[in-house]
Participant: 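This is the structure I have questions about; it appears just below.
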Amino acid sequence: VQLQASGGGSVQAGGSLRLSCTASGSGFEITDMSWYRQAPGKGHELVASISSSGSSNYADSVKGRFAISRDNTKNTVDLQMNSLRPEDTAVYYCNVKSTDARDYSVVYEDWGQGILVTVSS
């Protein structure tokens with residue numbers, strides 16, 4: 001699975017940004033799609049994830065401000081980020097889990113390139 005992420009950039013506190021990630025390739029079936037982030041000097045953090053059925057969950061720090069969505073027909077996952085705070089500044093990564101279309105016991109996990117999101121106060 002190849003992942004291409006886009007979006008991000010710089011915004012003032014209170015602003016909004018949208019991240020998008022598209023999966024391409026063949027021979028796989030996508031299960032969970034997620035966004036992670038890594039802030040300067042901190043570890044990887046799961047921001048939000050969404051299952052193939054549309055069930056989502058969020059880190060407590062972004063609940064009510066971020067929304068994850070996916071389009072199974074286009075193999076895309078988006079992260080709408082509203083009411084951004086300086087502490088949301090990080091490099092964001094999309095993550096996709098999938099299974100081999102011929103053998104569901106074979107699981108893949110792929111990462112997109114990091115996207116820098118900078119929120120200034």
Side-chain angles (χ1 to χ4, degrees):
V1 178
Q2 292 80 46
L3 300 178
Q4 180 64 47
S6 62
S10 298
V11 67
Q12 288 192 326
S16 298
L17 287 172
R18 188 176 185 88
L19 306 181
S20 295
C21 182
T22 301
S24 61
S26 61
F28 61 89
E29 294 190 10
I30 295 175
T31 55
D32 294 338
M33 306 182 86
S34 306
W35 286 95
Y36 286 75
R37 68 185 179 186
Q38 185 166 23
K42 296 188 178 181
H44 245 193
E45 175 189 24
L46 175 63
V47 177
S49 66
I50 186 167
S51 70
S52 56
S53 63
S55 177
S56 60
N57 66 80
Y58 298 89
D60 287 343
S61 58
V62 306
K63 282 181 181 176
R65 301 188 297 120
F66 290 13
I68 190 170
S69 61
R70 64 187 283 174
D71 185 333
N72 292 332
T73 66
K74 299 179 180 178
N75 287 340
T76 59
V77 58
D78 292 344
L79 184 69
Q80 178 64 42
M81 304 183 293
N82 300 323
S83 301
L84 283 161
R85 305 168 180 169
E87 54 264 38
D88 294 317
T89 295
V91 177
Y92 286 70
Y93 301 87
C94 68
N95 172 279
V96 169
K97 295 181 177 65
S98 59
T99 59
D100 191 287
R102 295 170 296 179
D103 184 352
Y104 290 163
S105 68
V106 177
V107 178
Y108 304 109
E109 183 173 15
D110 294 279
W111 295 85
Q113 82 278 17
I115 297 179
L116 179 62
V117 170
T118 303
V119 184
S120 58
S121 57

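No experiment lies behind these values; they were computed from the predicted model shown.
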Participant: Backbone N or O of Ser34 within a donor-acceptor pair of the Tyr93 side chain at under 3.5 Å?
Facilitator: no

Participant: Could you go through Arg37 and Ser61, starting from their C-alpha distance and side-chain angles, then the distance that decides it, and tell me whether this counts as side chain to side chain contact (heavy atoms under 4.5 Å, CB included)?
Facilitator: CA-CA 12 Å; Arg37 68 185 179 186; Ser61 58; 3.3 Å; yes

Participant: Report the C-alpha separation of Val77 and Ile50 in whole Å, then their side-chain angles, then the decisive distance to 0.1 Å, and conclude whether the side chain to side chain contact (heavy atoms under 4.5 Å, CB included) test is met.
Facilitator: CA-CA 9 Å; Val77 58; Ile50 186 167; 4.2 Å; yes

Participant: Please report the interatomic distance CG(Leu84) to OG(Ser16), rounded to the nearest 0.5 Å.
Facilitator: 6.0 Å

Participant: Checking Ser55 against Ser53: is there a side-chain donor and acceptor pair closer than 3.5 Å?
Facilitator: no

Participant: Let me confirm one number: the CZ-OG distance from Arg18 to Ser69, rounded to the nearest 0.5 Å.
Facilitator: 5.0 Å

Participant: Have Gln80 and Asn82 got a donor and an acceptor in their side chains that come within less than 3.5 Å?
Facilitator: yes

Participant: Taking all atoms of both residues into account, what is the closest heavy-atom pair of Ala59 and Glu45, and its distance?
Facilitator: CB-OE2, 4.0 Å

Participant: Take Val106 and Thr99 through the test side chain to side chain contact (heavy atoms under 4.5 Å, CB included) and record every step on the way to the result.
Facilitator: CA-CA 6 Å; Val106 177; Thr99 59; over 6 Å; no

Participant: Apply the test ring-ring contact (aromatic ring centres under 6.0 Å, His included) to residues Trp35 and Phe66: give CA-CA distance (whole Å), side-chain angles for both, the deciding distance (0.1 Å), then the verdict.
Facilitator: CA-CA 11 Å; Trp35 286 95; Phe66 290 13; over 10 Å; no

Participant: Before accepting this row, confirm whether a basic side-chain N of the pair Asp60/Lys63 lies closer than 4.0 Å to the acidic partner's carboxylate O.
Facilitator: yes

Participant: Starting from Tyr92, can I reach Tyr36 by hopping between I/L/V/M/F/W/Y residues whose side chains sit under 4.5 Å apart?
Facilitator: no

Participant: Applying disulfide bond (SG atoms under 2.5 Å apart), which residue pairs with at least one partner in residues 34-91 are found, sequence neighbours left out?
Facilitator: none

Participant: What residues, two or more places apart in sequence or in another chain, satisfy side-chain contact (heavy atoms from CB on, under 4.5 Å) together with Thr76?
Facilitator: Thr22, Asp71, Lys74

Participant: List the atom of Asn72, the atom of Ser52, and the distance in Å for their closest heavy-atom pair.
Facilitator: ND2-O, 3.2 Å

Participant: Can you tell me how far apart OG (Ser51) and CG (Asp32) are? Round to the nearest 0.5 Å.
Facilitator: 6.0 Å

Participant: I'd like to know if the side chain of Asp103 reaches the main chain of Asp100, judged simply by a donor and an acceptor atom lying under 3.5 Å from each other, with no hydrogens or angles considered.
Facilitator: no

Participant: Can you name the nearest heavy-atom pair linking Pro86 to Ser120, along with the distance?
Facilitator: CG-C, 4.5 Å

Participant: Answer yes when Arg70 and Asp78 have at least one side-chain N-carboxylate O distance shorter than 4.0 Å, and no when they do not.
Facilitator: no

Participant: Counting N and O atoms only, with roles assigned by atom type, does the side chain of Ser20 sit under 3.5 Å from a partner on the main chain of Ser6, one being a donor and the other an acceptor?
Facilitator: no

Participant: Can any side-chain N or O of Gln113 pair as donor or acceptor with the backbone N or O of Ala5 at less than 3.5 Å?
Facilitator: yes

Participant: Going only through I, L, V, M, F, W and Y residues with side-chain contacts under 4.5 Å, is there a path from Phe28 to Trp111?
Facilitator: no

Participant: Begin from the C-alpha positions of Glu29 and Thr31 and carry the test side chain to side chain contact (heavy atoms under 4.5 Å, CB included) through to its verdict.
Facilitator: CA-CA 6 Å; Glu29 294 190 10; Thr31 55; 6.0 Å; no

Participant: In terms of hydrophobic clustering (I, L, V, M, F, W, Y; side-chain heavy atoms under 4.5 Å; direct or indirect links), are Val11 and Leu19 co-clustered?
Facilitator: yes

Participant: What pair of heavy atoms forms the shortest contact from Gly8 to Leu17, and how long is it?
Facilitator: O-CD2, 3.9 Å

Participant: Judged by modelled atom types alone, do Asn57 and Ser49 share a side-chain donor-acceptor pair under 3.5 Å?
Facilitator: yes

Participant: What's the spacing between Asn75 CG and Ser98 OG if we round to 0.5 Å?
Facilitator: 9.5 Å

Participant: Which heavy-atom pair separates Asp110 from Tyr108 by the least distance, and what is that distance?
Facilitator: OD2-CB, 4.0 Å

Participant: Determine whether Leu79 and Val117 fall in the same hydrophobic cluster, where Ile, Leu, Val, Met, Phe, Trp and Tyr are linked whenever their side-chain heavy atoms lie under 4.5 Å apart.
Facilitator: yes

Participant: Determine, for Arg65 against Asp88, whether the closest basic-nitrogen to carboxylate-oxygen distance falls under 4.0 angstrom.
Facilitator: yes

Participant: Tell me, yes or no, whether the heavy-atom count around Gln12 atom CD, taken from other residues, nucleotides or ligands under 6.0 Å, exceeds 12.
Facilitator: no

Participant: Is it possible for you to say whether Ile115 and Met33 belong to one hydrophobic cluster, with membership spreading through side-chain heavy-atom contacts below 4.5 Å?
Facilitator: yes

